[in-house]
Amino acid sequence: MSFRDPPVFRFAPSPNGDLHLGHALSALINHAMARESGGRFLLRFEDIDPERCRPDFEHGIRRDLAWLGIDWDGEPRRQSEHFADYRAALERLRDEGLVYPAFLSRGEIRAAAERSERETGLSYPRDPDGAPLYPGLDRDLPQATRAARITAGEPHVFRLDMTRAVARAGVLGVEETGSGPDGETGRLTVDPAAWGDVVLARKGLPTSYHLAVTLDDAIQGVTHVVRGRDLFAATAVHRLLQALLDLPVPVYHHHALVLGQDGRKLSKSRGDVSIRALREAGASREDLCRRLGLRSAEKGEPEAERGDGEEG
Ligand code: GLU
């Protein structure tokens, strides 16, 4: 990996559960790349979800990172303290006619997809994560109808009008120094349209993951986004937002995931083995690095790109 000067890396967990081995791998790789390049390593708490994020999880993350020997530069950024930044970006996109209020719930979208599959016998289009694309029924509602429904308190999110956004931004590329699930690497063209009209602001919030992560990487001057391969496809949305909001474009590096014994990626919600549990069971940092296949427990260097399917 070649470094711009000075490189800035970040680890950006959501404090909504304990960190697991996959987080440890990501944090260790980021930290090692930052320290070996003389760059900065930032910590960011992605805590936009007030129902699931909790201060005790944030404390737990700090404790886990300290145990892993990971130090960070400056004060961590907490997304919940920066809603004004996200609101301003959202309003800019709304003023440009690229964002609209969308009233269908997730259940209604699923039902529309099932109905369409029943009626046409064709599979309904899905995004790279497998969720049905937004049918776009309220993409072109008259302004007065939108205002009236919002005033009446109807629950809604804000979505990006993907067709318009892609027409505005044109063809976009990124530099990938890791690799995607199919080995994609190097200079790549991204395909944000595969995501359909993505949510840019969740119900009752001025942002979604996509908007907050993209803005924060720019605001924090992140030059290298290093994260698990499960977020490879989402990079297309982030690259599109960078183009629409005139933001700098970092280099991306997606690394292999740590998979559970069942071959699926680890998840907090399934209660997969946490760093805390391993520590409390008496494991050392070296045990954990060995288990992750890291060459040097000191530096947290990856031994080799791990093939998906290896147990973590
Ligand atoms: N907050 C995200 C997560 O915990 C990571 C976002 C990112 O690295 O871009 O999965």
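Position 1 is the first residue of the sequence; numbering continues from there. Predicted, not measured: the structure shown is a model, and the values here were computed from it. Order of listing sets the numbers, starting from 1, for every ligand and every atom in it.
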Engineer: Does ligand 1 have an atom that lies less than 4.0 angstrom from a heavy atom of Phe11?
Structural biologist: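 Not so, Phe11 does not reach ligand 1.
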Engineer: Can you tell me if His20 and Ser274 form a side-chain donor-acceptor pair at under 3.5 Å?
Structural biologist: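 No, no side-chain donor-acceptor pair sits under 3.5 Å.
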Engineer: At their closest point, which heavy atom of Val8 faces which heavy atom of Thr223, and how far apart are they?
Structural biologist: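 Scanning both residues completely, I find the closest heavy atoms to be N-OG1, 2.7 Å.
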Engineer: Can you find an N/O atom of Ala12 closer than 3.5 Å to an N/O atom of ligand 1?
Structural biologist: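 Min N/O separation from ligand 1 is below 3.5 Å for Ala12.
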Engineer: Ion pair present between Arg35 and Asp71, side-chain N to carboxylate O less than 4.0 angstrom?
Structural biologist: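 Yes, charged N to carboxylate O under 4.0 Å.
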Engineer: Check the orientation of Phe103 and His156. Use parallel for under 30°, tilted for 30 to 60°, and perpendicular for over 60°.
Structural biologist: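 Phe103 and His156: tilted rings.
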Engineer: For Glu46, take its heavy atoms, then give the atoms of ligand 1 lying under 4.0 Å from any of them.
Structural biologist: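 What qualifies from ligand 1 is 1 (N), 2 (C), 5 (C), 6 (C).
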Engineer: Can you sort out which atoms of ligand 1 are near Val213, meaning under 4.0 Å from one of its heavy atoms?
Structural biologist: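 Once the distances to Val213 are compared, the set is 9 (O).
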Engineer: Quick one: does ligand 1 sit under 4.0 Å from the side chain of Val225, the backbone, both or neither, non-hydrogen atoms only?
Structural biologist: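 The answer is neither; Val225 stays 4.0 Å or more away.
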Engineer: Could you list the atoms of ligand 1 found under 4.0 angstrom from a heavy atom of Arg10?
Structural biologist: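 This gives 7 (C), 8 (O), 9 (O) as the contact atoms.
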Engineer: Give the atom numbers and elements of ligand 1 that come within less than 4.0 Å of a heavy atom of Arg227.
Structural biologist: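 Near Arg227, the atoms of ligand 1 are 7 (C), 8 (O), 9 (O).
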Engineer: Restricting to pairs with a member in residues 185-205, which pass side-chain hydrogen bond (donor to acceptor under 3.5 Å, both in side chains), not counting sequence neighbours?
Structural biologist: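 As it turns out, the side-chain hydrogen bond (donor to acceptor under 3.5 Å, both in side chains) pairs with a partner in residues 185-205, which skip direct neighbours, are Asp49-Arg202, Tyr100-Asp197, Arg139-Asp197.
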